[in-house]
There are 2 protein chains.
Amino acid sequence: MNSADEAEESRPLYAQVREQLIERIRSGAWKPGQLIPNEFEIAREFGVSQGTARKAISALADEQLVHRRQGRGTFVVQHTPAHVLFRFFQLFDESRTQIIPDSRKTVPVGAVANERERAELGLDKGARVIRVARVRLRKDKPFIAESIVFPDALFPGLAELPELPNTLYDFFQKTYGVLVVRADERITAVAADTETARVLEIDEGTPLLRVDRIAFGLVDRPLEWRVSLCHLQDAHYLARLR
Amino acid sequence: MNSADEAEESRPLYAQVREQLIERIRSGAWKPGQLIPNEFEIAREFGVSQGTARKAISALADEQLVHRRQGRGTFVVQHTPAHVLFRFFQLFDESRTQIIPDSRKTVPVGAVANERERAELGLDKGARVIRVARVRLRKDKPFIAESIVFPDALFPGLAELPELPNTLYDFFQKTYGVLVVRADERITAVAADTETARVLEIDEGTPLLRVDRIAFGLVDRPLEWRVSLCHLQDAHYLARLR
DNA sequence: CAGTGGTCTAGACCACGTG
DNA sequence: ACGTGGTCTAGACCACTGC
């Protein structure tokens, strides 16, 4: 027996089962929205008790990779535009209602990654990326200037598309089977530069919220680097601390 | 049997046990840092199985109200300055290291709550509050202008203190038995006004991150309203989205 | 009605920290 | 060696969903 096997055996059973289940989602063996086998099936298949299978499945539910519904079954999570916005778009208006942004035509452009992009996305020298610049609208007025970059390798052929949809993460899941599961946002305040002021139709120097996001998938590797310059006015970003 | 009893009986046992345990922490029957009875003791006391007691205690651990340590026992969470900063102070420097702020002498002032304060803290007309204004330092230079308000009723005698400590939440827990368990932060970008510019030793109009926090305790009522105006420079606020 | 997830029990053994 | 939390089992019953 090698050390890897020993390490494998020393980890809790439910953790091992959990990883195997994640692998099925990652590999696409279980598709988004699909009903997965019930607790007893999974228990039988992995040779564990129903309680242990349950603990593994519940861990996936906590991580929002599956959705459990009493009486119906357990389903692989399926991103929809509404779902993606709810989870990953944390801007609210003065009455604390979540803002639903629109976006203008967004055209992807392929290029070789620059140094900053390689650092943010963890790419090797020479790797290609896809860049997208777009303006998001609120009440038909521009309020966010966004620049998005993702590794070309993860989204083959995407650079050739004439246009991208308003919400990307559900599109990524549907088209490439790539699931965004978490994101880190680094937030600062900046003054609008000339170009941004023009795009957002505001005065140069207006204070903007800069949201610098790295999105991660099932394997802990960056899927996207996104910088959003937000002209909030009476709106705000909401962070919940626990 | 009345409807309240029926509702009580229809809720899962572990949820009922969980609430009773929370009440012991809230009431101060179990003090911060104290070792609580083990799973079998709690199971026996409430007339449930060890597994059910475990589920109740684990829920408290998930909520960060207790801390479990294998081989040692389960302890009521005890806020320390380091712990409070780690959980509730999400500013990081350019190398992604958490910033540890200092603060200048902070003097509390008692007053009758104004309309805005009553709205933010959910207070009745005529209620008294305690106000604190302070400047936080980074590398001995001012970088945050903070204004804090809390209900006088929760912190009797606090307005008479000559000075408050650098971290308040551990002080609240130690002195008043009041535990901060979560906070909502509403974040915007603003331009520094004359007074703030003077305090932070920057130019008027400099973009600042405005963090507007409401902190909550064990009962779902606001404990504090805090507005922080942050001159970040090369630092950033970090929000983790899951 | 059958099938699913949700709760609950009683008991066993393991891993860890302390004396 | 002892007591703690952590894992695992086998089985029971409940609550909800859809046919």
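Bear in mind that the values here come from a model prediction, so they are computed numbers and not experimental data. A, B, ... follow the sequence lines: proteins, then strands. Residue 1 opens every chain.
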Within this structure, what is the [atom1]-to-[atom2] distance between [X] and [N], rounded to whole angstrom?
X     : N      : atom1 : atom2 : result
A:N38 : D:dT17 : CG    : C1'   : 15 Å
A:I36 : C:dG3  : CD1   : C1'   : 15 Å
A:L35 : D:dG18 : CG    : P     : 12 Å
A:R11 : D:dT7  : CZ    : C1'   : 14 Å
A:F75 : C:dG3  : CZ    : C1'   : 12 Å
A:R18 : D:dC8  : CZ    : P     : 14 Å
A:E39 : C:dG3  : CD    : C1'   : 12 Å
B:I42 : D:dT4  : CD1   : P     : 11 Å

Nearest-nucleotide wise, let me know which of A:L13 and A:Q50 is further upstream toward the 5' end of DNA chain D.
A:L13
Would you check, one step at a time, whether the test side-chain hydrogen bond (donor to acceptor under 3.5 Å, both in side chains) holds for B:E185 with A:Y237?
CA-CA 8 Å; B:E185 301 202 314; A:Y237 182 102; over 6 Å; no
Side chains of A:N166 and A:S103: is there a donor and an acceptor less than 3.5 Å apart?
yes
If you measure from the Lys or Arg side-chain nitrogens to the Asp or Glu carboxylate oxygens, is any gap between [X] and [Y] under 4.0 Å?
X      : Y      : answer
B:E146 : B:R210 : no
B:R186 : A:E94  : no
B:E63  : B:R182 : no

Could you walk me through whether B:R68 and B:S58 pass side-chain hydrogen bond (donor to acceptor under 3.5 Å, both in side chains), step by step?
CA-CA 8 Å; B:R68 317 194 77 172; B:S58 294; 2.9 Å; yes
Short side-chain N/O contact to D:dT7 OP1/OP2 from A:Y14, under 4.0 Å:
yes
Sub-4.0 Å heavy-atom contacts from residues 52-74 of chain B onto DNA chain C, ordered by number:
B:T52, B:K55, B:Q70, B:G71, B:R72
